[in-house]
Amino acid sequence: MAIGRRQYPFDLIEPKWQAVWERQQTFRAWNPGENIPVGHPFAQRHPEPGLPPKYYVLDMFPYPSGAGLHVGHPEGYTATDILARYRRATGFNVLHPMGWDAFGLPAEQYAIKTGQHPRQTTEANIATFKRQIQALGFSYDWSREVDTTDPEYFKWSQWIFLRLYQSWFNPATNRAESIETLVLPADCVTEEQQRAYRDARRLAYVANAPVNWCPELGTVLSNEEVIDGKSEVGGFPVVRKPMQQWMLRITAYAERLLNDLDGIDWSHSLKEMQRNWIGRSEGAEVEFRVAGADLGITVFTTRPDTLFGATYMVLSPEHRFVEQLTTPAQQAAVREYQRHAAGKSDLERTELAKDKTGVFTGASAVNPVNGELIPIWIADYVLATYGTGAIMAVPAHDERDLEFARKFNLPIRLVVQAPGGGDATGFVGDGVSVNSGFLDGLTTPEAKKAITAWLQEKGVGRRTINYKLRDWLFSRQRYWGEPFPIVWKRDATGALYHEALPDSALPVLPPKLDDYKPTPDGQPPLARARDWVAVSEGVTRETNTMPQWAGSCWYYLRYQDARNPAAMVDPAAEQYWMGTGVAGATPGVDLYVGGAEHAVLHLLYARFWHKVLFDLGHVSTCEPFYKLVNQGLILGEDGQKMSKSRGNVVNPDVVLDAYGADAFRLYEMFMGPLEMVKPWNTQGVEGVYRFLGRAWRLFVDEDSETAFEQGLTTGTASGAELLEQVRLSAAIQDVPGTPEQLKTLHACIKKVTEDLDGMRFNTAISALMVFVNEAISWEVKPRGILRDFLTLLQPFSPHLAEELFSKLAAGDPGSPATLAYVPWPKYDAARLVETTVEIAVQVNGKLRDRLVVPVDLPAAELEAAALASDKVKPFIEGKTIKKIIVVPKKLVNIAVA
RNA sequence: GCGCGAGUGGUGAAAUGGCAGACACGCCAGACUUAGGAUCUGGUCCCGUAAGGGGUGGAGGUUCAAGUCCUCUCUCGCGCACCA
């Protein structure tokens, strides 16, 4: 070891207590109706019938990668573990689980390379992760461990998919309902028509739409998984390609996903990210007739008040009417432009964003408000996937339109006057309408209302709300994911249609394969398993699999009843842990901690599934995660993001070897506020490690420790045996604390308690340090005070706290076998009262003296004492005193002229 | 470009509008020691021998009093990004 003498024998203490906790099942969480063994420390703490209030504290479960744990993982885990332990001590029934988000690309890519089944890779990686996580002494209830790749788990992922498939969103009730409640229109008579009508409305549906195809990964990706035109995983190019895919109708929930943010305790920035992603915008749809054709083009605009300023119209190159309305003379140019736009990846489109391109179609549209003919163009600055894929261009009051109009010499007509006057070209704010007929003189909000009413009356437009949020592309061309519980059949006309498998067919297991690559003709790997695909004559299985998000969308529900073979979660367990029907209980998960990288993807998807399950009566709250906190990234020692290529990755195993789990946990929390980005510093670990050493020395007898050290080197007895022989310091005595000692203790209790409630772990730890710094110099150390200190230390550094607690309790048969359920001490305000207090004396806000006075000194006397101070006098002599401010117990400020 | 955060010692950071820098790291000095990269004691924002002065990215403002509140501005980080 390169760090000199060990501060205390953490290498013996930590495995010892981890073994005790495992043997004792110390951290089992209990469900309603469960039998709690009388000997269990929970039963001893809570002898009364019924369960105490719940506290559900959740970590974002990890993807068990081959690289093992990273120091970033335990940051959030330590924070939640501290709170879990704190809540147990304050009397809650704590649910604190862990599991594995184990489907995913790396195991599959490894399988493609080596032929090793992803199951094997996954199991090995889980074993590594579990070993590393357990070495940190987290108080997880491992009996509830989940693994998304376990058939007993993904059975229920598939089951939830079937609920989505069997439901539609009823706009009248604003919620999901069984597809059976969907009223078929009278003209839907044949079986095929009825099926088509239903299939077009299910929450899980098949669409033939342009998707993000990643040739390198051999799969499609959701919009969320594409960053700057490249795959989020691997950074490979992504192109748009029309394909038949499963979609989930998350857009139906846009409004609720947005509104329900108001009722949950998430950070402002996180809510903003979700709001931006949902992207609600209010505006109007306006229909423009195409001149000389029986065709209407609907545009979406947030500025209907500028309709008089529309001087041309733009369709996205993919718009379905482009073909029909293009004049023969323009056909070649339009086709060429479409071909060019289609060949561009999203990346190229954004890269070329600076320079607008487009082509005239030759056709014109009629502006409904004034009958004016305006040219119709196509341009790729208009997105096919947003709004209606078509816009009315108002170059005078839209930057993009202005740029385009200037490039192609299109007219610019001012219709809004800027409040400050001057040239309003390019002015996009609110002003007053001009050159706009009946809108003239109206302010922008008034004009919007007036024109919308006019459009509605004429039947050529209406008020609408548009969302950026797209439906969720839910299928992947992968092996290592949940197969869909769906088969394909042919109807009387020979057309393919899909059908759900019954719940009894679940789980649908993936087939065995020798080769995990997609088929040569581009089919998903599952298509290689011919026997698996062919269910019976004319019935074939769906060969896509679900995305990795599926398993993580609901795992927090499974933890509540992880081994239930008959249901996703038992309703009584679900209601208990989600706090339903209990006054004062938090609705949903009490605290969810994880990285900000999941701010939109996972959290939006999980909220969506939860709402569907809520509508269908399977869960009892409308939101899953009541309070959510993002832990900040831990950077390398060089202040850069940790990465293999930079060589600045800190391996937790190495830190644990050198300093132990308690020091590691403590350091991760001592670095700074949880949410903040902060660099790792190994010397900082030594600081907290030394603190733990001081805490150890506060308790143990020096001579017996020296004997222990010598025993270890001679090696005649085992380390565990020798550890038992370390005695408590003789200074620890059964005496009441002095007022001074009690003040030190109660100040520490107060600070640690308040800081834990506010999740200020770093300052809580500093309070513990202050206590030890004080107590180490006490000649007599009252046992009761040290015992209370250990209950405060326990959440942070549980192994050392348990070891010292067991020594403190040795010979006391009534003492609990673990600190985990020992009640959290309450501070006594009476112990904190001071008899004297130091008062700052300021002159004009500048500190001139400090006076020690009795706390209850009346303000007038305090004022007199301040004025009498020798240090103050020179600053007030010969000056007029304007005012004297006296803040009791704090300061006196003398304002002089 | 838009949205959201954050700027405090050599470093990580503390501070209900009330004594800026708690608690640590590092550094300096000392004690103990065969030894110290262990431990203990003291010191450590800057200028100044001191008295004193200056100081929380910058400029204003409110206040008896501002790191904290308000206005403008700069820098960095994160997110979104032709979203009509």
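Chain letters run A, B, ... following the sequence lines, proteins first and then strands; every chain starts at 1.
The side chain of A/Met769 has B/rC23 as its nearest neighbour among B/rC23, B/rG53, B/rG12. The A/Asn893 side chain lies nearest to B/rC64 when the options are B/rG12, B/rC64, B/rA13. Candidate nucleotides B/rG52, B/rC80, B/rG18 were compared by shortest atom distance to the side chain of A/Lys890, and B/rG18 ranks first. Side chain of A/Asn681, nearest nucleotide from B/rC25, B/rA13, B/rU39: B/rC25. Of the candidate nucleotides B/rA38, B/rA13, B/rA84, B/rA38 has the atom lying nearest to any side-chain atom of A/Arg690. Side chain of A/Lys468, nearest nucleotide from B/rC80, B/rC4, B/rC64: B/rC80. Distances were taken from every side-chain heavy atom of A/Ile391 (C-beta onward) to each of B/rA13, B/rG18, B/rA84; the shortest belongs to B/rA84.
Using a 4.0 Å heavy-atom cutoff across all strands shown, A/Lys889 reaches no nucleic acid atom at all. Nucleic acid contact class of A/Ser766 (heavy atoms, under 4.0 Å, all strands): base. If you check every strand for non-hydrogen atoms under 4.0 Å, A/Arg275 touches nothing. In this structure, A/Glu838 reaches the bases: a heavy-atom distance under 4.0 Å links it to at least one base atom across the strands shown. A/Asn844 comes within 4.0 angstrom of nothing in the nucleic acid, heavy atoms only. Residue contacts shown for A/Asn773 are limited to sugar-phosphate atoms, with no base heavy atom under 4.0 Å away. A/Ser281 comes within contact range of the sugar-phosphate backbone alone, with a heavy-atom separation under 4.0 Å but no base atom that close. The residue A/Phe691 sits apart from the nucleic acid: no heavy atom pair falls under 4.0 Å. Nucleic acid contact for A/Val770: sugar-phosphate only, since backbone atoms but no base atoms lie under 4.0 Å from a heavy atom of the residue. Note on A/Arg280: nothing from the nucleic acid sits closer than 4.0 angstrom, heavy atoms only. When heavy atoms are screened at a 4.0 angstrom cut-off, A/Gly387 is found touching no nucleic acid atom at all.
In this structure, A/Trp696 and A/Tyr8 have tilted ring planes: the angle between them lies in the 30° to 60° band. Below 30°, between 30° and 60°, or above 60°: for A/His397 and A/Phe427 the angle between ring planes is above 60°, a perpendicular geometry.
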Verdict with supporting geometry, A/Lys407 and A/Glu403, salt bridge (Lys or Arg N to Asp or Glu O under 4.0 Å) = CA-CA 6 Å; A/Lys407 175 155 180 189; A/Glu403 197 190 324; over 6 Å; no
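Aromatic pair A/Phe404/A/Tyr381: centroids less than 6.0 angstrom apart. Not less than 6.0 angstrom separates the ring centroid of A/Tyr659 from the ring centroid of A/Phe10.
Without hydrogens or angle criteria, A/Asn367 side chain to A/Leu307 main chain gives a donor-acceptor distance under 3.5 Å. Judged purely by atom type and a 3.5 angstrom limit, A/Tyr337 uses its side chain to pair as donor or acceptor with the backbone of A/Thr357.
Counting to the nearest Å, the C1' atom of B/rA84 and the CD1 atom of A/Ile297 are 15 Å from each other. Across the protein-nucleic acid pair, A/Asp703 atom CG and B/rU39 atom P stand 19 Å apart, rounded to whole Å. When rounded to the nearest whole Å, the span between CG of A/Leu891 and C1' of B/rA20 equals 14 Å. For the pair A/Lys846 NZ and B/rA51 P, the computed distance is 16 Å after rounding to whole Å. One can place CZ of A/Phe670 at 8 Å from P of B/rC25, the figure rounded to the nearest angstrom.
In this structure, A/Asn276 and A/Met273 both approach RNA chain B, and ranking their closest nucleotides by distance from the 5' end singles out A/Asn276. Each of A/Thr302 and A/Asn762 has a nearest nucleotide on RNA chain B; the 5'-most of these lies closest to A/Asn762.
Between A/Gln274 and B/rG79 there is no side-chain polar atom (N or O) within less than 4.0 angstrom of OP1 or OP2. Under 4.0 angstrom from either OP1 or OP2 of B/rC23 there lies no side-chain N or O belonging to A/Arg694. The phosphate of B/rG77 (OP1 or OP2) has no side-chain N or O of A/Lys641 nearer than 4.0 angstrom.
Classification of B/rG60 as anti follows from a glycosidic angle more than 90° from 0.
In this structure, A/Glu285 and A/Leu455 have side chains that are not in contact, with every pair of non-hydrogen atoms separated by 4.5 Å or more.
Side-chain contact of A/Thr763 with A/Asp755: a donor-acceptor pair under 3.5 Å is present, judged by distance alone.
If you check distances only, the side chain of A/Lys356 does reach the base of B/rC82 with a donor-acceptor pair under 3.5 Å.
Remark: the separation of the C1' atoms in B/rG57 and B/rU8 is 10 Å, to the nearest Å.
Counting only Watson-Crick and G-U wobble pairs whose two distances sit under 3.5 Å, RNA chain B takes part in these stems of three or more pairs: B:1-7 with B:74-80, B:10-12 with B:23-25, B:26-31 with B:39-44, B:45-47 with B:52-54, B:57-61 with B:69-73.
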